[in-house]
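Worksheet: the structure to be examined is printed underneath.
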Amino acid sequence: MSGSQVPLTHSFGGAGEGPSYKGFRIPAEVISHAVWLYHRFPLSFREVEELLLARGITVSLEAIRRWCDRFGPRYAAALRRRRPQAGDKWHLDEVFPEINGVRHYLWWAVDQDGTVLDILPQSKRDAKAAKRFMAKLMKKQCRTPRVLVTDKLRSYGVAHRVLMSSADHRSRKGLNNRVENSRQPTRQRERAMKGFRSVGGVQRFLSAFSGISPHFRPRRPLMTASEHRAETTIRFTIWEQITDVIGRPTAA
């Protein structure tokens, strides 16, 4: 997603309304900065609390948790609405986290540019689970892909024949580096969080993280230093627009 593809106009919710900070004694600048810190870097709520304290801002880690739960998904949704349409080549894969000590499967989909299309935690890795994920993905994207890239899991073949038979299905080892690379920040966060506690918690966290984190991760190896700085500036401007704040936080 290059800077030229992203409109610099306000867009958050219905009728152009921004997020409501009514009832919060802490300035919106601090709230948005805390949410950014938590989703951009592998930090705990306590570490975000300490970073704010170093800047003279005293808040509790529970307050930061509430901000991330409330505003994180809203900010992420606003960022997604500004993205160009996803590509027509979809890469699907699974990752195997433990949730409250029990193995689960995060079904993961990205397009050819590495944009996360959807993530769905499930307890199974069978054809039924594959069909559920593909159906959800198609409903969200309102279309089927031109090309579907998966590993050799047979469940994908079953789901492809039932739901995406028009797509060119490619299932050779090594084709899914795109999706494997896209989930590395999530695995890093999982380690920092010392694992996930509940399926619902995973879904809520990833709905925000998969929208916010990639926004601040332009494809650095493809840019010069000056291009990267310019692109990062554009993305911070967009962040300020969708969070309805200007500038960086200062002491309350």
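Considering CG of Asp126 and CZ of Arg132, their distance stands at 8.0 Å, rounded to 0.5 Å. Rounding to the nearest 0.5 angstrom, the gap separating the OG atom in Ser210 from the CD1 atom in Ile119 is 4.5 Å. Atom CZ of Phe71 sits about 5.5 Å away from atom OH of Tyr75, to the nearest 0.5 Å. In this structure, Thr115 OG1 and His91 NE2 are separated by 11.0 Å, a value rounded to the nearest 0.5 Å. Atom CD1 of Ile238 is separated from atom CD of Glu240 by 11.0 Å, given to the nearest 0.5 angstrom. Leu148 contributes atom CG, which lies 10.0 Å from atom CZ of Arg170 (distance to the nearest 0.5 angstrom).
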Do Glu231 and Arg235 pass the salt bridge (Lys or Arg N to Asp or Glu O under 4.0 Å) test, and can you show the C-alpha distance, the side-chain angles, and the key distance before you say yes or no?
CA-CA 6 Å; Glu231 179 67 15; Arg235 296 189 183 206; 2.7 Å; yes

Show the numbers, then the answer: is there a side-chain contact (heavy atoms from CB on, under 4.5 Å) between Trp107 and Lys136?
CA-CA 11 Å; Trp107 294 75; Lys136 181 175 182 286; over 6 Å; no

Under the criterion side-chain contact (heavy atoms from CB on, under 4.5 Å), I'd like the reasoning laid out for Leu117 against Asp111: C-alpha separation, chi angles, the key distance, then a yes or no.
CA-CA 7 Å; Leu117 305 177; Asp111 69 5; 4.2 Å; yes

Taking it one step at a time, do Arg229 and Met223 satisfy side-chain contact (heavy atoms from CB on, under 4.5 Å)?
CA-CA 9 Å; Arg229 285 192 293 271; Met223 301 177 178; over 6 Å; no

Quick one, Arg80 with Arg83, criterion side-chain contact (heavy atoms from CB on, under 4.5 Å). Give me CA distance, side-chain angles, the key distance, then yes/no.
CA-CA 5 Å; Arg80 289 190 184 99; Arg83 290 178 183 168; 3.9 Å; yes

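With a 4.5 Å cut-off on side-chain heavy atoms, Leu137 and Trp90 count as touching. Side-chain atoms of Asp151 and Glu94, non-hydrogen and from C-beta on, do get closer than 4.5 Å to each other. Two residues are said to be in side-chain contact when any heavy atoms from C-beta on lie closer than 4.5 Å; Asp118 and Gln141 fail this criterion. Using a 4.5 Å heavy-atom cutoff, the side chains of Ser171 and Tyr156 are not in contact. A heavy-atom distance below 4.5 Å is not found between the side chains of Leu106 and Leu120. Here the side chains of Ser155 and Arg125 are not in contact, with every heavy-atom distance at 4.5 Å or above. Contact annotation: the side chain of Met138 never approaches that of Arg143 to less than 4.5 Å [non-hydrogen atoms, C-beta and beyond]. Residues Val30 and Trp67 are in side-chain contact: their nearest non-hydrogen atoms beyond the backbone lie under 4.5 Å apart.
Tested against Leu52, the residues Ile64, Thr58, Ile26 include a single side-chain contact (heavy atoms from CB on, under 4.5 Å) partner, Ile64.
When every heavy atom of Gly72 is checked against every heavy atom of Val35, the shortest pair comes out as CA-CG1, 4.0 Å. The two atoms that bring Val116 and Trp108 nearest to each other are CG2-NE1, 4.2 Å, heavy atoms only. Of all heavy-atom pairs spanning Pro121 and Gln203, the tightest one is CD-OE1, 2.9 Å. Cys68 and Pro73 make their closest contact through O-CD, 3.5 Å (heavy atoms, listed as atom of the first residue, atom of the second, distance). Of all heavy-atom pairs spanning Arg70 and Ser20, the tightest one is NH2-O, 3.8 Å.
Pairs passing the salt bridge (Lys or Arg N to Asp or Glu O under 4.0 Å) check and including a residue from residues 33-48, sequence neighbours excluded, do not occur. Note on residues 40-63: pairs passing ring-ring contact (aromatic ring centres under 6.0 Å, His included), not counting sequence neighbours, are Trp36-Phe41, Tyr38-Phe45.
No donor-acceptor pair closer than 3.5 Å links the side chain of His104 to the backbone N or O of Val199. Of the possible donor and acceptor atoms, none in the side chain of Gln122 sits under 3.5 Å from a partner among the backbone N and O of Tyr105. Under a 3.5 Å cut-off, the side chain of Glu227 and the backbone N or O of Thr224 do form a donor-acceptor pair. Formation of a donor-acceptor pair under 3.5 Å by the Arg146 side chain with backbone atoms of Lys89 is not found in this model. Listed for the His39 side chain is no donor-acceptor partner under 3.5 Å among the backbone atoms of Ala208.
Checking Arg217 against Ser213 by side-chain atom types alone, a donor-acceptor pair falls below 3.5 Å. Between Thr150 and His169, the side chains place a donor N or O and an acceptor N or O closer than 3.5 Å (distance only, hydrogens not considered).
In this structure, Lys124 places its NZ atom where only 12 or fewer heavy-atom neighbours from other residues, nucleotides or ligands lie under 6.0 Å away. In the displayed structure, Lys128 atom NZ is contacted under 6.0 Å by at most 12 heavy atoms of other residues, nucleotides or ligands. Counting non-hydrogen atoms of neighbouring residues, nucleotides and ligands closer than 6.0 angstrom, the CZ atom of Arg154 reaches no more than 12 such neighbours.
Linking ILVMFWY side-chain heavy atoms closer than 4.5 Å, directly or via other members, places Met164 and Val162 in a single hydrophobic cluster. The hydrophobic clustering, which links ILVMFWY residues whose side-chain heavy atoms are closer than 4.5 Å, places Val158 and Leu153 apart. If you chain together hydrophobic residues whose side chains sit under 4.5 Å apart, Leu61 and Val59 fall into the same group.
Electrostatic pairing of Asp69 and Arg204 does not count as a salt bridge here, judged by no charged N lying under 4.0 Å from a carboxylate O.
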